[in-house]
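Encoded as structure tokens, the structure appears first; notes follow it.
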Amino acid sequence: MYHSKEELFSSSFLFNQKGEKKMENKITQKVEVRANQPVITTADPGQLTMPQIIFNEILKIGGQKTSVAAMTNIFQSDGNLKFFADLGVTPAGFYTEQNPPIAQTNNLNLKEIHIIKNRIASVIQTSKNWVSLTMQPQSEKHVEEYLLAKSILLGIEDKMFNSGDAEGKTGLQNVILHNNAVDGTNFEGKVIARHKIEDISIVTGTGVGVLAYKDLMDAYIKFVNQNLPENLNGAIWVVEDISKLANVKDDTGASVLKFGNKAQGIPDTVFGIPVIKTEKFTEGQKVGTILMNPKKAYAVTVSEQRNQSTKVDGDTIQSLKGGTLYVGDTYVGGKVVNPRAIVIVKTA
């Protein structure tokens, strides 16, 4: 896939583990990789321009709380892993010397979930004209650090709410399709890959394509009642279309959406809970909004070994075009690890 426009262009895409292995083999044979299509060249592959770790930049962006993906529980690990989700600590008891404590085997709150990693890559093409009109090295550093990491975060969020599958096998688990997840089993029927702890709560309104005050209040009550107090701190409303909330009126006829101060970083709120926009919800699922605590509800793991940026500018194609290709890639996986920290609100 080539980008011929003399402009800054960004894209992101996923590879599975098998595809990554094939691509690495081709690189060692001096096969140049451009976007997701290999091109034979006599030049060496692009060299790493700086030891910039994508993960570190993702964490910096996360501190700004400008996207839902950036607000999740992001950590580093290698390979696929088992994540033990904490659904609440069992209260401690008081015991005497003659009555020693006994483990609460019937009230376990640590639940196992399997997270599968796939390769995600962000590619930015710059033209000679763009480079000549910008100040170096500040602009190059901005591309290599911020823009690549931001693009990867957008790719993660798209999987979370739009294009991901129920089990998270193709990248990350889709929150909206989560309840359709089926655990992986062996020939004996034994679970070998747990993809769902329990179903996410869903509130379905009666309005066709629109939300009502009762829908939001039912979701709020359900969210509060099924969560520990610690899960309430950090809750947000996720929306694809802000009008879905802005058009909802309370009993006095006032909009439930209260405007914040965007210039000062203060978000709009509903019932005192911040509203964050995502790009797109999964088509056909009739989701109006999602009430969730991203930090408690969703875990994203990023590879420790492979998460750096690469600059390609000495190959045949780039030399002829007078351009530069920046590539940032890593392995990521993501799953719902606390379904109780999510309530999905749907329309009729």
Side-chain angles (χ1 to χ4, degrees), residues 11-17 19 58 62 67-75 80-83 85 87 111-122 151-184 191 193-204 219 222-223 235-241 244 276-302 330-347:
S11 61
S12 61
F13 47 88
L14 283 160
F15 297 87
N16 60 27
Q17 300 276 6
I58 287 175
S67 72
V68 183
M71 299 167 69
T72 59
N73 178 15
I74 305 176
F75 62 96
N80 298 330
L81 74 150
K82 293 180 181 179
F83 184 96
L87 298 186
K111 305 295 183 181
E112 180 183 291
I113 197 78
H114 289 72
I115 300 181
I116 304 167
K117 281 200 187 76
N118 285 274
R119 186 184 178 197
I120 186 170
S122 174
S151 180
I152 287 175
L153 271 175
L154 290 175
I156 290 173
E157 188 162 319
D158 179 72
K159 287 291 181 182
M160 287 177 60
F161 298 110
N162 177 34
S163 63
D165 62 285
E167 287 86 20
K169 294 178 180 179
T170 60
L172 290 90
Q173 186 174 47
N174 190 324
V175 172
I176 296 170
L177 302 180
H178 167 273
N179 289 359
N180 297 330
V182 177
D183 291 337
V191 174
R194 177 96 42 204
H195 299 304
K196 179 176 68 173
I197 296 173
E198 61 187 38
D199 281 348
I200 292 172
S201 296
I202 297 177
V203 170
T204 302
K222 187 179 289 291
F223 186 82
I236 60 172
W237 296 96
V238 184
V239 294
E240 174 189 8
D241 180 359
K244 283 285 197 299
I276 304 293
K277 185 185 182 308
T278 192
E279 186 65 25
K280 186 175 178 59
F281 286 150
T282 303
E283 194 74 29
Q285 296 299 310
K286 301 181 180 179
V287 176
T289 185
I290 299 174
L291 178 57
M292 68 183 297
N293 182 330
K295 189 77 172 178
K296 298 292 184 180
Y298 205 96
V300 174
T301 176
V302 182
T330 185
Y331 281 97
V332 299
K335 276 272 174 67
V336 173
V337 295
N338 188 347
R340 300 175 191 176
I342 306 173
V343 175
I344 298 174
V345 188
K346 294 188 175 186
T347 62

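Just so we're clear, the structure is a prediction, and the values are computed from it rather than from any experiment. Position 1 is the first residue of the sequence, and the numbers go up from there.
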Identify the two heavy atoms, one from Ala297 and one from Ile342, that lie closest to each other, and give their separation to 0.1 Å.
CB-CG1, 3.5 Å
From Lys169 atom NZ to Leu172 atom CG, the distance as rounded to the nearest 0.5 Å:
15.0 Å
Result for side chain to side chain contact (heavy atoms under 4.5 Å, CB included) between Ile74 and one of Thr301, Ile156, Val302 points to Val302
Gap separating the CG atom of Asp158 from the CG atom of Leu153, nearest 0.5 angstrom:
12.5 Å
Do Thr72 and Met160 have side chains that get closer than 4.5 Å, going by heavy atoms?
yes
Residue pair Asn118 / Thr170, side-chain heavy-atom distance below 4.5 Å:
no
Would you say the side-chain atoms of Thr282 pair up with the backbone N or O of Phe161, donor to acceptor, closer than 3.5 Å?
yes
Let me see the working for His195 and Lys335 under side chain to side chain donor-acceptor pair (under 3.5 Å), right down to the final yes or no.
CA-CA 8 Å; His195 299 304; Lys335 276 272 174 67; 3.0 Å; yes
Taking all non-hydrogen atoms of both residues into account, name the closest pair between Val343 and Ala219 and its distance.
CG1-CB, 3.9 Å
Is any side-chain heavy atom of Ile290 less than 4.5 Å from a side-chain heavy atom of Ile176?
yes
Test of understanding: with side chain to side chain contact (heavy atoms under 4.5 Å, CB included), list the residues that count as partners of Glu240, not counting sequence neighbours.
Lys280, Phe281
State, to 0.1 Å, how close Phe223 and Ala235 come at their nearest heavy-atom pair, and which atoms those are.
CE2-CB, 3.8 Å
What distance separates Asn179 CG from Asn174 CG, expressed to the nearest 0.5 Å?
11.0 Å
4.5 Å side-chain heavy-atom contact, Ile236 and Pro294:
yes
If I compare all heavy atoms of Val175 with all of Ile344, which pair ends up nearest, and what's the gap?
O-CD1, 3.8 Å
So, for Val337 and Ile197, which heavy atoms are closest and what is the spacing to 0.1 Å?
O-CD1, 3.5 Å
Is a side-chain N or O of Thr289 found less than 3.5 angstrom from the main chain of Val238, in a donor-acceptor match?
yes
Hey, could you give me the CD1/CH2 distance between Ile276 and Trp237, rounded to the nearest 0.5 Å?
13.5 Å
Side-chain (Tyr298) to main-chain (Gln173) donor-acceptor, under 3.5 angstrom:
yes
Looking only at atom types and distance, does a side-chain atom of Glu157 sit under 3.5 Å from a main-chain N or O of Val68, one as donor and one as acceptor?
yes
Measuring from Ser67:OG to Ile58:CD1, what's the distance to the nearest 0.5 Å?
10.0 Å
Could you report the tightest heavy-atom contact between Val182 and Glu167, atom names first, then the distance?
N-OE2, 2.8 Å
Other residues, nucleotides and ligands only: do more than 12 of their heavy atoms fall within 6.0 Å of NZ on Lys346?
yes
Take atom CD in Glu279; do more than 12 heavy atoms of anything else shown fall under 6.0 Å from it?
no
Within the structure provided, determine whether Arg194 and Lys111 are in side-chain contact (heavy-atom separation under 4.5 Å).
no
So do Lys196 and Val336 actually touch side chain to side chain, heavy atoms under 4.5 Å?
no
Atom pair CG (Asn80) and CZ (Phe83), whose distance is rounded to the nearest 0.5 Å
15.0 Å
